[in-house]
Amino acid sequence: MTDTEESVRQAAATRTIRLEIARYRPGQDSEPVFQGYDVPLTTDWAVLDGLNYVKDRLDGSLSFRWSCRMGVCGSCGMTVNGEPRLTCGTFLTEYGDGPIRIEPLKGFPVIRDLIVDIDDFLAKLSSVRPWLIREGEELPLTTEYAQTPEQLDAYKQYSMCINCMLCYSACPVYVLNPDFLGPAAIALAQRYNLDSRDMGDRFDVLNLEDAVWGCTFVGECTRACPKHVDPAEAIQRYKLTAALRSVLPWSKR
Amino acid sequence: MKRTIEPYLWLLFSGGGVAAALVLPVLVLLFGVLMPLGVIDWPTVEHLRALLDNVLVRAALLVVIVLCLFHAAHRIRFTSEELFGIARYDLLIAVLCYGGAIVGGVTGALLLF
Amino acid sequence: MIDVLIVGGGGAGLRAAIAVAETDPELTVAVVSKVYPMRSHTVSAEGGAAAVIGVGDTLDEHCYDTISGGDWLCDQDAVEAFVQEAPRELIQLEHWGCPWSREDDGRVAVRPFGGMKRMRTWYAADKTGFHLLHTLFQTTLKYRDIVRYDEWYVTKLIVDDGRVHGVVAVELRTGRIETIAARTVILATGGCGRVFPFTTNAAIKTGDGMALAYRAGAPLKDMEFVQYHPTGLPFTGILITEAARAEGGWLINKDGYRYLQDYDLGKPTPTPKLRSMELGPRDRLSQAFVHEQELGRTIDTPYGPVVYLDLRHLGEGRIDARIPFVRELCKSYQNLDPATDLIPVRPVVHYMMGGVHTDLDGATPITGLYAAGETACVSINGANRLGSNSLPEILVFGRRAGLAAASFAKEHQEESEHRAVRTQGDDERRRLERVRDGSGKGERIADLREEMQHTLEGAAGIYRTGGVLAAAVDTLAELRERAEDALVDDSSTTFNTELINLQELHTMLDVAQAIVACALNRKESRGAHQRTDFSVRDDSAYLAHSLVHRAPDGTPSVGLLPVTITRWPPGERVYGRD
Amino acid sequence: MTSAYRPPRDAFWFARTRTYTLFVLRELTSVLVAWTIVFLLMLVGALLGGTFRDFTALAAQPWMIALNVVALVATAFHAVTFLNLAPKATVVRLDGWRVPAWMIQGGNHSAWLALSVLIAYFIMRSP
Ligand SMILES: Cc1cc2nc3c(=O)[nH]c(=O)nc-3n(C[C@H](O)[C@H](O)[C@H](O)COP(=O)(O)OP(=O)(O)OC[C@H]3O[C@@H](n4cnc5c(N)ncnc54)[C@H](O)[C@@H]3O)c2cc1C
Ligand code: SF4
Ligand code: F3S
Ligand code: FES
């Protein structure tokens with residue numbers, strides 16, 4: 001991000017928008033409280049720029065995660081006016097005259113202010129074996145496994161997940177039952193299942209009550225996903241796969 | 001490997017969803033709304049019985065009844081758990097819901113055959 | 001005691017971790033990262049990764065392109081090792097599942113890239129770094145032995161008597177300040193673009209590893225070579241990948257004129273021509289922009305002057321197939337559609353050629369300390385890195401550093417924890433606790449940071465002069481002192497990001513001083529380092545690396561180190577002329 | 001970590017956004033699907049037990065008509081949502097080309113219409 005030119009800053013100083021930010025300071029607050037800050041309403045500013053303005057100029061103790069500022073690192077997910085959003089890709093001007101309520105992602109324990117605990121997701125991700133599983137002899141490191149553009153297309157969409165957790169936050173099943181394996185982990189399992197180079201089998205971890213069968217197809221995960229991964233589709237497709245495998249035990253996929 | 005009966009329940013649920021979608025609206029429309037309102041006349045008893053005399057029709061009807069009941073049972077199970085946050089009683093709820101569906105299915109079978 | 005402790009969970013760090021885990025499962029390996037590994041900045045790389053696979057291409061040609069692109073400041077033995085191992089690394093990635101874009105027959109596809117004579121840039125649409133990083137990260141999950149310290153910030157290397165013994169780190173979530181004893185440490189902390197105000201680099205790229213090594217006594221190398229990428233979006237600094245030009249995009253000024261033809265970069269052709277015009281090297285393209293600006297042929301915007309990148313003639317189909325992310329970024333962040341609109345762009349700080357001085361195995365002069373990735377300077381990039389050479393670099397040298405550290409650790413199994421771990425660890429803990437207790441009552445961190453950034457942009461931008469650089473030396477020295485007393489609002493132990501921001505300000509100031517000192521010392525123009533007061537390349541005096549040490553009083557002292565030349569004697573850089 | 005804040009369960013989550021509410025409504029159609037089956041069983045029972053006249057009288061009660069209007073809306077809503085969502089689970093590929101969702105949905109809705117007409121025809125066909 002660039003620093004703002006002085007002229008822009010002055011022009012902006014005439015108009016401001018109010019951010020109502022959830023603060024939670026362990027040891028100090030027993031539950032989150034809202035604190036209001038006025039930030040310049042600048043057309044190019046994302047909500048994240050507003051938060052950085054608060055941190056840089058008004059209150060250095062405000063804590064939140066961010067890094068790339070281009071919607072690809074997945075760290076700046078928060079609840080903005082009730083909806084899970086990437087704050088670096090959500091603009092202040094989308095909210096008229098405000099105020100804008102900014103809260104941590106729903107469904108996760110809050111560590112501090114806008115920062116939530118996502119270790120649970122990482123454990124889930126590991127559990128679905130998100131790596132290419134091969135059997136038999138490996139090719140030498142001089143040749144690639146062939147994969148046609150069509151074969152690539154078959155899983156490509158599910159490989160676009162940036163682990164931003166918006167889908168988890170949007171899914172009522174996950175919010176009510178944290179044991180649910182959840183949209184992104186299942187989509188990533190499908191990313192490998194559908195890869196023509198993969199020979200693995202993730203039936204044992206997906207065909208469980210708290211895995212694909214926990215999903216009641218609310219579909220909010222797909223709506224929330226900023227990268228068009230469509231986890232809802234990934235899950236429903238695996239339900240069909242798993243169901244067919246259960247009735248036709250000899251069929252693999 | 002841990003076995004689960006969810007895939008079978010889901011197949012019944014999905015089949016029921018399709019069956020319910022394809023045949024129920026027209027049936028309620030005719031028998032539940034248009035005929036009672038007199039918009040169209042009730043068919044004669046004989047005509048309807050003649051339809052039911054066909055074993056294929058009866059079999060199809062039974063399939064629709066069983067599938068739709070399972071569909072409803074499955075959804076009611078999950079929706080009640082989500083709405084009221086009572087997932088910890090899942091086993092009990094499941095027994096009630098699917099039990100109800102089985103009772104309904106058996107009743108249908110007894111009636112029709 | 002950890003055998004191999006890796007600081008950094010980006011491409012270089014993760015590749016090193018896998019190398020260690022694969023070579024000897026007995027060794028303990030840990031990855032410490034200030035963000036979750038998949039948030040590392042490697043995730044933002046768009047265009048691709050270069051490695052020779054195609055028929056008609058040769059290793060020598062890749063070497064030549066790299067060396068001439070680097071204006072003969074590359075160590076040629078390093079370049080040869082790099083070029084030779086790059087294909088193997090990219091195929092390894094393929095074997096781990098990386099979704100490389102493909103030809104119709106199933107082979108990996110390649111695209112042209114700036115400064116490259118042949119098509120040899122592998123790509124995964126225009127999210128190459130994203131796919132590469134996630135593939136690596138997900139593959140590390142397979143190795144249960146790799147221990148991760150996610151969201152731990154390393155503040156200090158414990159070094160005694162020229163030998164590394166571990167690190168001190170803060171666990172962000174709890175605020176715990178821990179010493180982690182280790183037989184070897186690999187620094188893989190990425191670049192330092194945040195030293196400048198306008199950059200493509202993520203918030204985390206604050207040059208931590210460079211500063212850690214520098215403070216511990218290791219020299220930094222070639223710090224004056226900062227790469228400006230010619231096409232960043234104004235305001236956000238979001239990068240529009242070079243792939244956009246490789247696919248046929250044009251750079252035009254306010255008169256709609258393809259101005260690069262005026263700067264000895266070849267003549268315009270309707271379709272892209274390798275090593276010519278828009279596919280020239282980044283340093284030359286960024287310099288051309290400055291001249292256009294001086295001629296008044298750029299367009300003024302609230303965020304500074306811009307030129308346009310024109311992709312309209314490519315058509316929607318090609319844009320969506322080859323560079324969909326460019327379209328997505330333009331739509332979301334600039335509110336325009338490259339299929340129908342011109343994209344405003346300006347040069348933006350992008351990459352640090354310099355870094356911690358290492359040999360071909362990533363070893364630094366401090367025993368047991370290694371470095372790899374953008375934070376290191378093995379010297380394959382010289383005075384200007386070619387686009388798409390960095391991703392293969394982090395893999396090749398990440399692996400090499402991992403293997404070297406592993407074998408060093410294996411040879412030193414008998415060593416037990418050194419007493420410096422305790423003493424230095426305690427000192428560092430006390431220092432950090434003091435900061436957190438709100439002892440600082442001075443200026444805001446952000447104000448100091450901005451002042452530093454502007455100083456750097458003014459003095460060490462695309463064009464530099466001795467006088468301004470000398471003034472910057474003083475400004476930075478003074479900023480250092482003011483930063484010691486910076487205001488810290490936050491006294492919490494839980495996720496105290498302000499404490500971290502202040503440490504980052506300190507590391508950036510170290511790096512900034514090194515950059516300015518090296519730039520002042522190099523009285524010639526070469527690659528990304530252009531001095532208006534010494535405007536030509538001077539091989540007699542400066543065909544050499546800058547090596548900067550930190551003197552005991554904290555000031556940098558710069559020396560020179562000869563460049564390794566094997567088969568390619570210095571020559572003229574020729575683009576657009578066959 | 002013990003100090004992390006765990007928000008309490010939100011008892012009214014389904015009222016928070018329009019899409020959640022729609023989802024819950026969609027799921028609640030199942031109750032009326034169940035009712036419809038009960039109603040059909042009553043009809044069949046009446047037909048076979050010779051009490052058809054009582055049944056038609058009951059069906060003509062205003063509350064019964066009201067209930068069935070609701071059931072009609074619910075089953076139709078169910079049909080639309082269910083048939084629209086079907087392509088999610090089944091990705092059809094012809095020669096590598098992925099059949100777009102709207103085509104599958106279109107097919108589903110046509111089948112629904114055709115079957116409804118057929119059923120209506122058989123029921124209302126005069127003997
Ligand atoms: C927008 C953009 C596009 C690019 N596109 C290309 C391209 O197309 N092709 C190409 O070859 N190159 C490209 N590059 C360059 C390339 O992406 C980087 O040089 C490379 O990814 C650096 O990788 P790394 O592993 O060295 O560091 P990073 O990926 O930056 O990782 C650094 C790691 O260190 C950790 N870390 C840092 N400091 C600390 C600390 N104090 N304590 C603990 N952990 C710490 C961080 O958490 C992070 O995990 C691009 C760069 C940018 C900015
Ligand atoms: S599936 Fe989408 S919403 Fe969910 S984590 Fe991945 S990118 Fe984010
Ligand atoms: S929102 Fe949740 S219930 Fe399923 S379809 Fe998505 S995971
Ligand atoms: S800051 Fe990286 S996704 Fe928003």
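Worth saying up front: this structure is predicted, and the values here are computed from it rather than measured.
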Chemist: Please find the pair of heavy atoms, one from C/Ser101 and one from C/Ala125, that lie closest to each other, and give the distance.
Modeler: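 Residues C/Ser101 and C/Ala125, closest heavy atoms: OG-N, 2.9 Å.
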Chemist: Need one label for A/Pro26: side chain, backbone, both or neither, based on atoms under 4.5 Å from any heavy atom in chain C.
Modeler: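 Only the side chain of A/Pro26 comes within 4.5 Å of chain C.
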Chemist: Measuring heavy-atom distances to chain C, does A/Leu62 have an atom under 4.5 Å in its side chain, in its backbone, in both, or in neither?
Modeler: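 Only the backbone of A/Leu62 comes within 4.5 Å of chain C.
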Chemist: With a 4.0 Å cut-off on N to O distance, would you call A/Arg15 and A/Asp38 a salt bridge?
Modeler: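 Result for this pair is no, no salt bridge flagged.
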Chemist: Give a yes or no on whether a salt bridge exists between C/Arg173 and A/Asp119, defined as a side-chain N under 4.0 angstrom from a carboxylate O.
Modeler: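 A salt bridge links C/Arg173 with A/Asp119.
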Chemist: Looking at A/Ser75, A/Ser67, A/Pro140, which one has more heavy-atom pairs under 4.5 Å with chain C than the rest?
Modeler: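 Top option by heavy-atom pairs under 4.5 Å: A/Ser67.
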Chemist: For A/Thr143, is it the side chain, the backbone, both or neither that has a heavy atom under 4.5 Å from a heavy atom of chain C?
Modeler: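 Only the backbone of A/Thr143 comes within 4.5 Å of chain C.
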Chemist: Which bit of C/Glu328 is near chain A, if near means a heavy-atom gap under 4.5 Å: side chain, backbone, both or neither?
Modeler: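 When you check distances to chain A, only side chain atoms of C/Glu328 fall under 4.5 Å.
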Chemist: Which region of C/Glu85, side chain (C-beta onward) or backbone (N, CA, C, O), has a non-hydrogen atom less than 4.5 Å from a non-hydrogen atom of chain A, or is it both or neither?
Modeler: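 Answer is neither: C/Glu85 stays 4.5 Å or more from chain A.
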Chemist: Do C/Lys127's NZ or CZ and the ring of C/Phe325 fall within the cation-pi criteria of under 6.0 Å and 45°?
Modeler: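 The answer is yes; both the distance and angle limits are met.
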Chemist: For the candidates C/Ser40, C/Cys98, C/Ser491, C/Gly129, which exhibits the highest count of non-hydrogen atom pairs separated by less than 4.5 Å from chain A?
Modeler: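 Sorted descending by pairs with chain A, the first entry is C/Cys98.
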Chemist: Answer yes or no: is there an ion pair linking C/Glu94 with C/Arg102, defined by an N-O contact shorter than 4.0 Å?
Modeler: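 Counted as a salt bridge, because a side-chain N and a carboxylate O are separated by less than 4.0 Å.
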Chemist: Between A/Leu139 and chain C, with a heavy-atom cut-off of 4.5 Å, which part of the residue counts as in contact: side chain, backbone, both or neither?
Modeler: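 Both backbone and side chain.
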Chemist: Where does A/Leu48 contact chain C at under 4.5 Å (heavy atoms): side chain, backbone, both or neither?
Modeler: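 Looking at A/Leu48, nothing touches chain C.
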Chemist: So which part of C/Glu103 gets closer than 4.5 Å to some heavy atom of chain A, the side chain, the backbone, both or neither?
Modeler: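 Just the backbone, heavy atoms under 4.5 Å.
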Chemist: Please find the pair of heavy atoms, one from C/Asp489 and one from A/Gly60, that lie closest to each other, and give the distance.
Modeler: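 Residues C/Asp489 and A/Gly60, closest heavy atoms: OD2-N, 2.7 Å.
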Chemist: Can you label the angle between the A/Tyr53 ring and the A/Trp45 ring as parallel, tilted or perpendicular, going by 30° and 60°?
Modeler: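 Answer is tilted, since the angle falls between 30° and 60°.
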Chemist: Answer with side chain, backbone, both or neither: which region of C/Val108 has an atom nearer than 4.5 Å to a non-hydrogen atom of chain A?
Modeler: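 Both the backbone and the side chain of C/Val108 come within 4.5 Å of chain A.
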Chemist: Examine whether an atom of A/Glu138 lies under 4.5 Å from a heavy atom of chain C, and if so say whether it belongs to the side chain, the backbone or both; otherwise answer neither.
Modeler: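 For A/Glu138, the contact with chain C is made by the side chain alone.
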Chemist: Which atoms of A/Cys88 are under 4.5 Å from chain C, going by heavy atoms: the side chain, the backbone, both sets, or neither?
Modeler: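 Both backbone and side chain of A/Cys88 come within 4.5 Å of chain C.
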Chemist: Pick from C/His95, C/Arg107, C/Glu89, C/Arg449: which one has the most heavy-atom pairs with chain A under 4.5 Å?
Modeler: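 Sorted descending by pairs with chain A, the first entry is C/His95.
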Chemist: Between the side chains of C/Glu151 and A/Arg65, is the shortest nitrogen-to-carboxylate-oxygen separation below 4.0 Å, so that they form an ion pair?
Modeler: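 A salt bridge is present here (some side-chain N lies under 4.0 Å from a carboxylate O).
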Chemist: What pair of heavy atoms forms the shortest contact from C/Thr497 to A/Ser63, and how long is it?
Modeler: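 Scanning both residues completely, I find the closest heavy atoms to be OG1-OG, 3.3 Å.
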Chemist: Find out whether the Lys NZ or Arg CZ of A/Arg69 is both under 6.0 angstrom from the six-membered ring centre of C/Tyr333 and within 45° of the ring's axis.
Modeler: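 A/Arg69 over C/Tyr333 ring: no.
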Chemist: With a 4.5 angstrom heavy-atom cut-off, could you sort out which part of C/Asn335 is near chain A: side chain, backbone, both or neither?
Modeler: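 Neither part, no heavy atoms under 4.5 Å.
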Chemist: What are the two closest non-hydrogen atoms of A/Tyr158 and A/Asp230, and how far apart are they?
Modeler: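 Heavy atoms of A/Tyr158 and A/Asp230 come nearest at CE2-O, 3.8 Å.
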Chemist: Does any heavy atom of chain A fall under 4.5 Å from the side chain of C/His41, the backbone, both, or neither of them?
Modeler: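 Neither; nothing under 4.5 Å.
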Chemist: Highest number of heavy-atom pairs under 4.5 Å with chain C: which of A/Gln28, A/Met160, A/Arg25?
Modeler: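 Heavy-atom pairs under 4.5 Å are most numerous for A/Met160.
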Chemist: Measure distances from C/Arg444 to the heavy atoms of chain A and classify the residue's part below 4.5 Å as side chain, backbone, both or neither.
Modeler: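 The side chain, not the backbone.
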Chemist: Would you verify whether the NZ or CZ of A/Arg197 falls within 45 degrees of the ring axis of A/Tyr192 while also being under 6.0 Å from that six-membered ring's centre?
Modeler: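 So A/Arg197 doesn't make the cation-pi contact.
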Chemist: Could you tell me whether a side-chain N or O of C/Arg346 sits under 3.5 Å from a main-chain N or O of C/Gly232, the two making a donor and an acceptor?
Modeler: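 Between the backbone of C/Gly232 and the side chain of C/Arg346 there is no qualifying donor-acceptor contact (under 3.5 Å).
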Chemist: What part of A/Arg191 is in contact with chain C, defined as an atom under 4.5 angstrom from a non-hydrogen atom: side chain, backbone, both or neither?
Modeler: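 Side chain only.
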Chemist: What part of C/Ile204 is in contact with chain A, defined as an atom under 4.5 angstrom from a non-hydrogen atom: side chain, backbone, both or neither?
Modeler: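 Answer is both: backbone and side chain atoms of C/Ile204 are under 4.5 Å from chain A.
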Chemist: Tell me, for C/Phe495 versus chain A, whether the close heavy atoms (under 4.5 Å) come from the side chain, the backbone, both or neither.
Modeler: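 It is both, since atoms from each part get that close.
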Chemist: I'd like to check C/Val52 versus C/Gln84 (side-chain heavy atoms, cut-off strictly below 4.5 Å). Are they in contact?
Modeler: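 Result no, sub-4.5 Å side-chain heavy-atom pair not found.
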Chemist: Name the region of C/Lys205, side chain, backbone, both or neither, that has any atom closer than 4.5 Å to a heavy atom of chain A.
Modeler: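 Neither the backbone nor the side chain of C/Lys205 comes within 4.5 Å of chain A.
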Chemist: Contact part of A/Asp113 toward chain C, heavy-atom cut-off under 4.5 Å: side chain, backbone, both or neither?
Modeler: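 For A/Asp113, there is no contact with chain C at all, as no heavy atom is under 4.5 Å.
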Chemist: Is it the side chain or the backbone of A/Ile111 that comes within 4.5 Å of chain C heavy atoms, both, or neither?
Modeler: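 Backbone plus side chain of A/Ile111, per the 4.5 Å heavy-atom cut-off to chain C.
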Chemist: Name the region of A/Lys55, side chain, backbone, both or neither, that has any atom closer than 4.5 Å to a heavy atom of chain C.
Modeler: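 When you check distances to chain C, atoms from both the backbone and side chain of A/Lys55 fall under 4.5 Å.
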Chemist: Does the cation-pi check pass for A/Lys124 over A/Phe121, that is, NZ or CZ under 6.0 Å from the six-membered ring centre and within 45° of its axis?
Modeler: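 No, a cation-pi geometry is absent between A/Lys124 and A/Phe121.
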Chemist: Heavy-atom pairs under 4.5 Å with chain C are the metric here; pick the option from A/Gly74, A/Ser196, A/Cys68 that has the most.
Modeler: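 Greatest number of close heavy-atom pairs with chain C: A/Gly74.
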